[in-house]
Q: 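Mind having a look at this structure? Questions to follow.
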Amino acid sequence: MTKIRSSALEASALPSPDEESPATSERAMRRRPSHYLDALNSEQREAVETLDGPLLVLAGAGTGKTRVLTTRIGHILSLGRAWPSQILAVTFTNKAAREMKARIGDLIGGVVEGMPWLGTFHAIGVKILRRHAELVDLKPSFTVLDTDDQIRLLKQLLEAENIDEKRWPARALAAMIDGWKNRGLVPKRVPEGESFAFANGKARDLYALYQRRLKELNAADFGDLLLENLRLFQEHQDVLEKYQQRFLFTLVDEYQDSNVAQYLWLRLLAQGNGNICCVGDDDQSIYGWRGAEVDNILRFETDFPGAKIIRLERNYRSTGHILGAASGLIAHNKGRLGKTLRTDAGLGDKVAVEGCWDDEEEARIMGEDIEQLQRQGHSLSEIAILVRASFQMRAFEDRFITLGLPYRVVGGPRFYERQEIRDATAYFEVTLNPANDLKFERIANTPRRGLGESTLKSLHQLARAQSVPLFQAARLIVETEELKPKPRKALLDLISAFDRWRSLIDTMRHTELAELILDESGYTGMWQAERSPQAQSKLENLKELIRFMEEFDTLAGFLEHVSLVMDAQTEEGADRVNLMTLHSAKGLEFDTVFLPGWDEGLLPHQRSLDEAGRSGLEEERRLAHVGLTRARKHAKITFAQNRRNHGTWQTALPSRFIDELPVDHIAVAEDKGLRGYGPSRFDSAETLFASGFYETPGWRRAQRNRPPGSGASAKPGQITIDGTLVASSTAEGAGLAIGMRVFHQKFGYGRVVQIDGNKLTVDFEKAGQKKVVDSFVERA
DNA sequence: AACTAATACTTTTTT
DNA sequence: AGTATTAGTT
């Protein structure tokens with residue numbers, strides 16, 4: 001247990017919430033240790049002071065959820081009810097964990113070294129698992145697999161089982177296994193029936209096989225971090241009791257995002273003393289597709305008998321109209337506990353609603369709006385554009401680039417998920433732990449060193465026959481004549497390189513060693529040789545990685561954290577418009593929020609509707625609600641009538657969520673007209689919308705009944721022939737001849753240099769000389 | 001083994 | 001339409 005001297009506790013009696021006047025001195029705080037409670041409203045205060053027994057804090061958007069959590073921890077500490085090391089506080093993201101640490105630090109003054117059990121479910125899971133690894137058939141040094149490794153492993157399994165990977169993709173199996181793990185199901189507990197969804201009922205066996213392989217590799221995937229913990233607690237009562245006794249208080253953030261496994265885990269731990277406090281908002285549950293169970297929060301009272309529920313309904317973020325619009329919208333959901341958000345701020349601006357012709361116009365309008373805001377002195381970083389799906393971002397990026405408007409894409413591929421980062425860490429991992437087959441395989445032929453499929457295959461064969469790791473098999477095989485001289489030499493070089501790097505671990509600084517490895521392996525060289533702009537940024541990222549390593553003392557320490565704790569470094573500071581998905585916007589707030597793409601089929605996403613029916617619709621509605629409640633002062637919703645889906649133009653109707661917004665809180669933009677696009681090609685959404693008819697049931701019916709092809713289905717001035725462009729040809733048949741000018745979809749215009757049957761050599765004006773198939777070019 | 005052409009896929013994504 | 005993976009070819 002971490003030692004915290006009483007001085008630390010004294011210090012903890014001095015919480016200083018941000019609003020507190022600087023005049024409040026440390027000494028004053030000591031005299032009146034409950035002063036920090038004064039900064040809370042009555043519900044918040046109750047949530048902080050109700051320490052014993054199960055407590056659910058239903059915290060609507062912007063009601064001070066994090067403040068309650070951190071103050072509660074501060075309160076526990078200042079009352080001396082527990083040492084920092086006796087408090088378990090779990091979050092879902094590293095970001096949330098970091099923020100909580102920082103805020104508790106502010107509260108009790110200084111860095112919170114003494115909160116070893118504040119972290120994500122997974123981080124805490126790993127920590128516990130390492131201590132008791134042997135009890136779940138792992139060694140304490142087990143590695144955590146990322147998604148790539150997981151898929152690769154499953155692919156191998158499928159191959160070994162002779163299952164057609166075309167028909168039964170490894171990804172699908174991975175999704176199923178993850179699903180089971182999220183529900184806390186070990187292979188033998190998987191219901192028979194569910195097995196049939198994959199490879200004619202082999203799914204469960206494959207899952208069992210996969211788990212066995214993981215143990216052999218001394219590895220755990222993300223799901224295991226919880227599932228194995230669960231198993232540990234269930235099978236070893238003594239271990240469970242130890243933790244039950246240790247954790248005097250348990251706090252959970254974003255409880256609505258928890259899955260069954262997490263719920264079971266929490267319940268086991270909370271059975272000790274029952275002091276569990278979950279904070280969440282059922283109206284912000286948007287991760288159902290990833291296994292989150294809204295039911296966990298809806299059922300809290302039943303799951304934890306005697307639970308107290310406190311609602312935080314006073315919103316400190318948004319103005320009245322925005323809150324009114326959001327509340328009116330979410331009120332359409334049936335499965336919710338129900339909260340009524342209110343604010344003391346004025347009504348503010350109504351939520352603007354505007355229709356557009358297509359996504360380009362949508363982007364253009366927002367670009368104009370943002371430029372205007374900018375002229376008024378609005379900070380760009382206080383503006384966010386929240387989209388449902390990432391493909392929507394493109395239109396905005398295009399527009400912003402032409403406008404020269406600085407923007408930043410938030411979310412996207414995480415730092416650690418980038419190819420070059422994974423490759424690099426794979427090198428470090430193998431250096432440290434040569435038995436890590438998956439990582440070894442990942443980089444064996446990256447950069448290309450002539451160790452192709454066939455070599456890897458013989459390695460696998462040998463490894464399996466001798467039941468040794470691939471690296472060991474490599475050692476053996478280079479002693480034989482098994483391989484041809486070239487790959488044999490390459491393999492030998494690789495092995496000795498790794499051996500040498502390994503010998504340097506103890507003597508060399510870990511960051512230097514890392515650079516050495518990347519250098520000598522030819523990995524950096526590989527990217528340097530590729531003179532593409534991406535290669536440049538990849539090299540930058542590798543530098544960033546080394547910089548990040550500085551924060552750790554050893555290579556091992558770094559690797560322990562890298563897969564769990566590393567995320568994109570969002571360069572703060574620069575004044576840029578934020579562009580992100582609704583999902584990644586949860587927990588953030590901005591003065592002005594733009595919500596494009598409220599189209600039927602996109603915001604209630606069609607797929608969500610198809611796959612999950614009403615509950616899917618409700619989740620989509622929560623997503624819309626999350627979007628609206630991100631805004632402090634201004635919100636604008638737009639929808640487009642035409643959206644390019646996968647290549648083809650499709651007409652779209654305004655989202656049903658627009659109909660559901662209370663009329664009083666929204667302002668429908670005046671018809672800006674279709675600006676010269678043909679005369680009344682579609683007398684529907686926009687025109688009627690703007691003339692005030694949009695709220696009538698008749699209008700809605702008209703919208704729904706409108707045949708999908710009516711109105712314009714293509715961009716004016718653009719001739720689209722739906723379906724096929726039939727002209728097929730052989731080179732001769734199409735009348736192609738040497739010297740003829742042709743057009744190719746990808747390469748543009750060029751001149752035919754040579755004809756070889758149906759293959760052409762064309763000298764393209766932009767792309768240079770290429771060999772193409774005749775059917776891909778047309779006469780220009 | 002490495003390139004090119006054909007094909008398949010396309011919601012959201014903490015760890 | 002565009003990209004990412006796979007299959008086929010050299």
Side-chain angles (χ1 to χ4, degrees), chain A residues 90-98 119-126 144-147 150-151 155 165-166 169-171 175 178 181-182 220-226 253-254 257-259 261-262 285-292 386-394 411-414 416-417 419 445 448-456 484 486-487 490 561-568 580-587 597 601-612 616 619-620 622-624 626-627 643-649 720 745-746 758-759 770-773 775-776:
Chain A
V90 280
T91 64
F92 279 84
T93 65
N94 293 306
K95 203 172 135 209
R98 265 199 307 272
T120 64
F121 275 102
H122 294 83
I124 290 171
V126 180
V144 180
L145 295 194
D146 55 46
T147 320
Q150 192 187 3
I151 301 282
K155 267 190 184 149
E165 236 244 275
K166 291 281 107 56
R171 293 193 164 278
D178 281 343
K181 288 187 174 176
N182 284 339
D221 65 16
F222 281 126
D224 281 344
L225 299 184
L226 268 150
D253 191 18
E254 305 276 18
D257 288 340
S258 61
N259 60 38
Q262 287 156 343
S285 164
I286 55 176
Y287 284 111
W289 47 274
R290 210 170 43 195
L386 310 182
V387 298
R388 171 67 243 262
S390 41
F391 75 82
Q392 290 174 266
M393 290 186 186
R394 231 196 71 174
R414 300 263 168 299
Y416 175 71
E417 279 161 18
Q419 179 193 7
N445 201 27
R448 300 254 144 90
R449 44 173 76 89
L451 299 174
E453 233 177 297
S454 51
T455 313
L456 258 302
K484 295 203 183 99
K486 244 196 238 167
H561 283 274
V562 75
S563 59
L564 289 175
V565 196
M566 204 165 157
D567 40 34
M580 67 189 95
T581 63
L582 287 163
H583 284 90
S584 37
K586 198 176 75 165
L602 181 58
L603 185 44
H605 199 284
Q606 194 56 50
R607 195 111 148 202
S608 199
L609 261 32
D610 293 346
E611 281 170 13
E619 182 153 317
E620 295 289 307
R622 291 194 290 267
L623 207 42
V626 165
R643 206 166 280 282
R644 199 170 10 192
N645 247 6
H646 337 278
T648 50
W649 286 88
T720 311
Q745 282 289 327
K746 210 184 218 156
N758 62 346
K759 279 180 203 148
K770 301 270 177 200
K771 276 201 184 114
V772 294
V773 179
S775 49
F776 282 85

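Here is how names work: the chains are called A, B, and so on, in the same order as the sequence lines, proteins then strands, and each is numbered from 1. Note that the coordinates shown come from a computational prediction; the quantities given were computed from them, not determined experimentally.
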Q: Establish, with yes or no, whether the OP1 or OP2 oxygen of B/dT15 is under 4.0 angstrom from a side-chain nitrogen or oxygen of A/Asn94.
A: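 For B/dT15, OP1 or OP2 has a side-chain N or O of A/Asn94 closer than 4.0 Å.
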Q: In whole Å, what is the span from the CZ atom of A/Phe121 to the C1' atom of B/dT13?
A: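 Whole-Å distance recorded here is 17 Å.
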Q: For A/Gly616, does its backbone N or O pair with a side-chain atom of A/Glu619 as donor and acceptor, under 3.5 Å?
A: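 Here the side-chain-to-backbone pair does not exist.
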Q: Would you indicate what A/Arg622 reaches in the nucleic acid, counting non-hydrogen atoms under 4.0 angstrom: base, sugar-phosphate, or nothing?
A: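 No contact.
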Q: Side chain of A/Asn445 only, please: which of B/dA2, B/dT13, B/dT12 is the nearest?
A: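 Closest of the options to the side chain of A/Asn445: B/dA2.
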Q: Which nucleotide sits closest to the side chain of A/Phe222: B/dT15, B/dT11, B/dA1?
A: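 Taking heavy atoms from C-beta onward, the closest nucleotide is B/dT15.
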Q: Once you round it to whole Å, what is the distance between P of C/dA4 and CD of A/Gln419?
A: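 My rounded result for the distance is 11 Å.
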Q: Is the side chain of A/Asn445 donor-acceptor paired with the backbone N or O of A/Gly450 at a distance under 3.5 Å, no angle test?
A: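 The answer is yes, because a donor-acceptor pair under 3.5 Å joins these two groups.
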Q: Look at A/Thr581 and B/dT13 and indicate whether a side-chain polar atom (N or O) is within less than 4.0 Å of OP1 or OP2.
A: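 Answer yes for this pair, as a side-chain N or O of A/Thr581 is under 4.0 Å from OP1 or OP2.
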Q: Could you tell me how far B/dT12 sits from C/dT5 if I compare only their P atoms? Round to whole Å.
A: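 Each nucleotide's P atom is 16 Å from the other's.
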Q: The side chain of A/His583 lies closest to which of these nucleotides: B/dT11, B/dT15, B/dT13?
A: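 Minimum distance to the A/His583 side chain belongs to B/dT13.
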Q: At what distance, to the nearest 0.5 angstrom, does OG1 of A/Thr93 lie from CG of A/Asp257?
A: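 Output value for this atom pair is 9.5 Å.
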Q: Nearest-Å distance, CZ (A/Arg171) to C1' (C/dA4)?
A: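 It is 10 Å, rounded to the nearest whole Å.
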Q: Just by distance, do the side chain of A/Arg449 and the backbone of A/Ala490 share a donor-acceptor pair under 3.5 Å?
A: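 No.
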Q: Calculate the interatomic distance between A/Leu623 atom CG and B/dT12 atom C1'; express it in whole Å.
A: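 Interatomic distance, CG of A/Leu623 to C1' of B/dT12: 7 Å.
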Q: Once the angle between the rings of A/His122 and A/Phe222 is folded into 0 to 90°, is it parallel (under 30°), tilted (30 to 60°) or perpendicular (over 60°)?
A: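 Correct class here is perpendicular.
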Q: If you assign each of A/Ser584 and A/Pro487 to its closest nucleotide in DNA chain B, which residue comes earlier from the 5' end?
A: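 Nearest-nucleotide comparison on DNA chain B picks A/Pro487.
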Q: Relative to the 5' end of DNA chain B, which residue comes earlier, A/Arg388 or A/His122, by the nucleotide with the nearest heavy atom?
A: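 Of the two residues, A/Arg388 wins.
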Q: Measure the distance from CZ on A/Arg607 to P on B/dT12 and round it to the nearest whole Å.
A: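 That distance rounds to 10 Å.
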Q: Rounded off to whole Å, could you give me the CZ-to-P distance for the A/Phe92 and B/dT15 pair?
A: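 Nearest whole value for this atom pair: 12 Å.
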Q: Using OP1 and OP2 only, check whether a side-chain N or O of A/Ser454 sits under 4.0 Å from B/dA1.
A: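 Yes.
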Q: Rounded to whole angstrom units, what separation is found between the CZ atom of A/Phe391 and the C1' atom of B/dT11?
A: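 A/Phe391 atom CZ is separated from B/dT11 atom C1' by 9 Å.
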Q: Looking only at the aromatic ring of each residue, does the gap between the centers of A/Trp289 and A/His583 stay below 6.0 angstrom?
A: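 Centroid distance A/His583-A/Trp289: below 6.0 Å, so yes.
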Q: How would you label the contact of A/Gln392 with the nucleic acid (heavy atoms, under 4.0 Å): base, sugar-phosphate, or nothing?
A: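 No contact.
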Q: Nearest to the side chain of A/Lys155, which nucleotide is it out of B/dA2, B/dT13, C/dT6?
A: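 Closest nucleotide among those given: C/dT6.
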Q: Counting heavy atoms from C-beta on, name the nucleotide in B/dT11, B/dT15, B/dA1 closest to the side chain of A/Thr120.
A: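 It is B/dT15.
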Q: Looking across every strand, which nucleic acid part, if any, lies under 4.0 Å from A/Thr91 by heavy atom: base, sugar-phosphate, or nothing?
A: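 Contact class for A/Thr91: none.
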Q: Answer with base, sugar-phosphate or nothing: what part of the nucleic acid does A/Gly450 contact at a heavy-atom distance below 4.0 Å?
A: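 The residue A/Gly450 makes sugar-phosphate contact but no base contact.
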Q: Would you please confirm or rule out a distance under 4.0 Å between OP1 or OP2 of B/dC3 and any side-chain N or O of A/Arg448?
A: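 Yes.
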Q: How close or far is atom P of B/dA2 from atom CG of A/Leu451, stated in whole angstroms?
A: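 From A/Leu451 CG to B/dA2 P: 9 Å.
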Q: For the side chain of A/Trp289, counting heavy atoms from C-beta on, which of B/dT13, B/dT11, B/dT15 is nearest?
A: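 So the nucleotide nearest the side chain must be B/dT13.
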Q: Can you tell which of B/dT15, B/dT12, B/dA1 lies closest to the side chain of A/Ser390?
A: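 The answer is B/dT12, which lies nearest to the side chain.
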